[in-house]
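Each remark here refers to the structure printed beneath this line.
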Amino acid sequence: MLSSLCIGETKALPSKGTPKTPEHIGLGILTLFSQNYSKFNGVPNNIFIAKLQGNKIYDKLYSAIYGTLKSEISFNISKALKYKVTRSSRLSLYSLFPIADTILEFGVNGYTVDLMKSSETHRFCEAASIPLIHYREQPRQTGSLYICSLVPMVKCTYQISIDIKTDDTKSFVELNSPGSKLTIQKINNNVILKSYFEDSSQDIRSETIYIGNAAEKSDFEIMFDGYNKTNTILAKDGNCIVTPFYNTDRQRLPYMDFSNGYIKFTSFILGKGTHLDVDIYSINQTANRKLITAIGSNRMLAFGLDGPHVRNTTEQGIRYLNSKKNKGTIWFDIEILEQCNETDLEYLRSLVINNSWDVGVHYSKELNSLPLEQAYKVMDEGYSYVYEIFGRKPTSWCSMRNRDTVTHAIYAYENLGMLWRNGDLGIHAEKDVGNLDDDTWEWWEPASRAGMVHPIFTHELDQDPAIKYSISRSKFRNWVDNYDSNNVSIVSFYEYSQISRNTYDASFENLQYTEHSVIFDARTNGAIALVNVNTNAGKNTQVYDNTSKKFLSYNIEQDNSITFWVENNHTYGIYLALLTKHS
């Protein structure tokens with residue numbers, strides 16, 4: 001392993017029994033997620049294929065020329081998870097495809113109104129020598145494969161074993177692990193992986209690595225480093241490449257990054273190709289472990305509301321969330337707040353104070369439309385106004401129509417202590433689905449059933465049918481119930497972010513370790529932290545919070561280590577034998 005999980009210094013103090021040196025205890029690898037598909041008899045519940053759009057007139061024209069695309073997931077005779085994409089061509093003259101590429105690429109520039117927003121797509125296709133029309137249209141025609149339930153971490157390693165089969169070497173699979181844009185392609189009997197990234201001038205560059213022979217499965221590792229904001233690709237022959245995160249905005253954020261709770265495969269069929277099969281044999285996620293290792297939670301989803309809109313459009317949905325012990329962030333819009341009467345303000349204050357909803361700021365202006373000095377003034381004044389109304393410091397922010405940039409994000413963090421809701425670390429991690437509404441429900445319905453963890457916001461919750469950019473009441477309850485059935489809690493953006501960053505921030509001091517007990521002090525970034533203690537727990541093990549004077553619940557993992565939640569500046573004791581007395 002090339003990565004290292006830093007969780008802070010620990011040291012042993014004198015104690016009864018035979019204390020051991022913690023630096024030499026529990027060193028090794030901690031498995032966070034593991035699926036060996038040869039041991040499955042069906043598709044696991046944490047996997048889904050997404051279908052986004054594909055119903056516009058331009059999509060139909062694409063299908064008429066290039067053929068109908070179809071995705072499916074199954075198990076094959078080699079006991080691998082098979083992600084298969086096929087294309088049934090409508091045209092028999094493949095020689096016409098290059099001409100169609102040229103004509104349609106010209107057309108998509110004129111047809112797509114918001115194309116200028118996606119100039120990164122143009123630059124990527126140019127750098128990767130991929131026809132723009134296919135890169136834009138194929139994901140609209142057929143779904144990407146998502147594997148969920150991975151664990152958010154500041155540092156971790158993904159171990160992947162796959163094989164790809166296609167009838168045209170121009171075809172490729174795109175793999176998106178946290179912060180990365182990777183392409184995998186068979187060229188001249190070799191399997192080639194390219195890792196793309198934007199440089200400081202926003203030119204798109206890439207590094208290339210050979211990861212296997214075309215006749216064999218490819219085993220490789222991706223080492224995510226949210227502190228240095230790099231991904232390291234390690235091939236089984238020992239060679240590696242190190243590249244920055246793909247997106248420059250994500251590279252520039254002034255706070256630590258952490259991994260998403262999923263990875264994604266998208267197949268692209270090019271040239272004369274009719275199919276692309278991706279056989280996935282196994283996916284593992286690991287981290288370097290110590291005696292006490294802080295880990296992220298794959299049972300939390302960041303959620304929030306803009307506005308909020310008037311009570312009769314949101315109150316039922318909020319009450320339903322609260323009834324299941326869920327909560328979120330409210331990004332308070334200054335102009336909406338100014339229209340609230342005192343009764344509504346008291347209701348909102350109660351959500352914050354009594355129901356632990358988090359406070360954010362929704363700026364009533366498009367910050368991109370303002371000179372920076374004026375934008376900063378608007379940000380300062382909005383922050384102060386919301387703080388004064390609720391008596392709570394806002395922890396995250398956004399602006400009208402999400403028209404803001406990483407430059408605003410840097411100012412908000414360094415001067416106001418707020419995290420950016422938007423960007424690739426926020427609601428734009430997946431394009432076009434960060435707003436939970438009736439238009440994105442086709443994506444979110446299978447995603448929520450699979451326990452997909454992705455930052456999300458919406459507006460109204462109670463109308464059926466919903467207005468634009470809002471979710472219908474019945475769909476919203478379905479969405480909440482899907483996560484409830486997956487034991488996934490819905491929480492604020494800030495809580496989710498800080499717990500994930502505690503995988504680096506948390507440290508454990510004044511450690512006393514014997515064969516029968518582990519005692520330590522927890523230091524976190526202020527949020528709770530989930531910790532795994534590498535000790536041999538059993539049914540009589542007890543965990544005691546010496547600060548709050550209460551026994552804690554915990555999980556015993558497959559390796560008999562123990563996992564439980566800790567709070568900042570609390571002292572904990574783990575007792576492996578049954579306690580008869582505790583002072």
May I ask you to check whether [X] and [Y] place their ring centers less than 6.0 Å from one another?
| X | Y | value |
| --- | --- | --- |
| Tyr227 | Tyr504 | yes |
| Trp444 | Phe476 | no |
| Tyr196 | Tyr246 | no |
| Phe390 | Trp357 | no |

Ionic contact status for Glu207 with Lys194, cut-off 4.0 Å: no

Do NZ/NE/NH1/NH2 and the carboxylate oxygens of Asp439 and Lys468 come within less than 4.0 Å? yes

Heavy-atom check, side chain of [X] versus side chain of [Y], under 4.5 Å:
| X | Y | result |
| --- | --- | --- |
| Glu460 | Ile467 | yes |
| Ile133 | Tyr62 | yes |
| Val361 | Met418 | yes |
| Arg473 | Gln463 | no |
| Phe220 | Leu234 | no |

What's the spacing between [X] [atom1] and [Y] [atom2] if we round to 0.5 Å?
| X | Y | atom1 | atom2 | result |
| --- | --- | --- | --- | --- |
| Asn502 | Ser297 | CG | OG | 12.0 Å |
| Tyr83 | Ile280 | OH | CD1 | 9.0 Å |
| Leu81 | Asp279 | CG | CG | 8.5 Å |

Using salt bridge (Lys or Arg N to Asp or Glu O under 4.0 Å) as the criterion, list what pairs up with [X], not counting sequence neighbours.
| X | answer |
| --- | --- |
| Asp481 | Lys324 |
| Glu567 | none |
| Glu430 | Lys264 |
| Asp257 | Arg250 |

Looking at Tyr469, I'd like to know if its OH atom is crowded, meaning that more than 12 non-hydrogen atoms belonging to other residues, nucleotides or ligands lie closer than 6.0 Å. no

Is Lys475 atom NZ crowded by more than 12 heavy atoms from other residues, nucleotides or ligands, each under 6.0 Å away? yes

Using modelled atom types only, decide if a donor and an acceptor are shared between the side chain of Asn45 and the backbone of Ala450 within a distance under 3.5 Å. no

Have a look at Phe303 and tell me which of Tyr483, Phe457, Trp479 forms a ring pair (Phe, Tyr, Trp, His ring centres under 6.0 Å) with it. Trp479

Taking atom types as modelled, find out whether [X] and [Y] have a side-chain donor-acceptor pair closer than 3.5 angstrom.
| X | Y | answer |
| --- | --- | --- |
| Asn368 | Asp404 | no |
| Asp438 | Ser472 | yes |
| Thr563 | Asn532 | yes |
| Ser282 | Asn36 | no |

Any salt bridge (Lys or Arg N to Asp or Glu O under 4.0 Å) involving residues 413-428? Give me the pairs, sequence neighbours left out, ordered by first then second residue. Asp306-Arg421

Quick note, salt bridge (Lys or Arg N to Asp or Glu O under 4.0 Å) partners involving residues 313-322, not counting sequence neighbours, are Arg311-Glu315, Glu315-Arg319

Shortest non-hydrogen contact between [X] and [Y], atoms and distance:
| X | Y | answer |
| --- | --- | --- |
| Thr503 | Ile295 | CG2-C, 3.4 Å |
| Ser396 | Thr329 | OG-CG2, 3.9 Å |
| Ala506 | Ala529 | CB-CB, 4.4 Å |
| Thr440 | Val433 | CG2-CA, 4.1 Å |

Results of ring pair (Phe, Tyr, Trp, His ring centres under 6.0 Å) for [X] - residues two or more places apart only:
| X | value |
| --- | --- |
| Tyr135 | Phe124, Phe268 |
| His309 | His459 |
| Tyr320 | none |
| Tyr413 | Tyr255 |

For Asp437 and Ser470, what are the C-alpha separation, side-chain angles and deciding distance, and is it a side chain to side chain donor-acceptor pair (under 3.5 Å)? CA-CA 4 Å; Asp437 57 33; Ser470 292; over 6 Å; no

Show me, pair by pair, the donor-acceptor contacts under 3.5 angstrom made by side chains of residues 490-501, not counting sequence neighbours?
{"residue": "Ser492", "atom": "OG", "partner": "Glu495", "partner atom": "N", "Å": "3.0"}
{"residue": "Ser497", "atom": "OG", "partner": "Phe493", "partner atom": "O", "Å": "2.9"}
{"residue": "Ser500", "atom": "OG", "partner": "Tyr496", "partner atom": "O", "Å": "2.9"}
{"residue": "Arg501", "atom": "NE", "partner": "Met256", "partner atom": "O", "Å": "2.6"}
{"residue": "Arg501", "atom": "NH2", "partner": "Met256", "partner atom": "O", "Å": "3.1"}

Hey, what's the ring geometry for Trp420 with Trp397, parallel, tilted or perpendicular (30° and 60° as the breaks)? parallel

Could you walk me through whether Glu174 and Asn176 satisfy the side chain to side chain donor-acceptor pair (under 3.5 Å) test, starting with their C-alpha distance in whole Å, then the side-chain angles of each, then the deciding distance to 0.1 Å, before giving a yes or no? CA-CA 7 Å; Glu174 181 177 310; Asn176 300 111; 3.1 Å; yes

Only counting residues at least two apart or in another chain, list the ones meeting side chain to side chain contact (heavy atoms under 4.5 Å, CB included) with Asp277. Lys82, Lys84, Lys165, His275

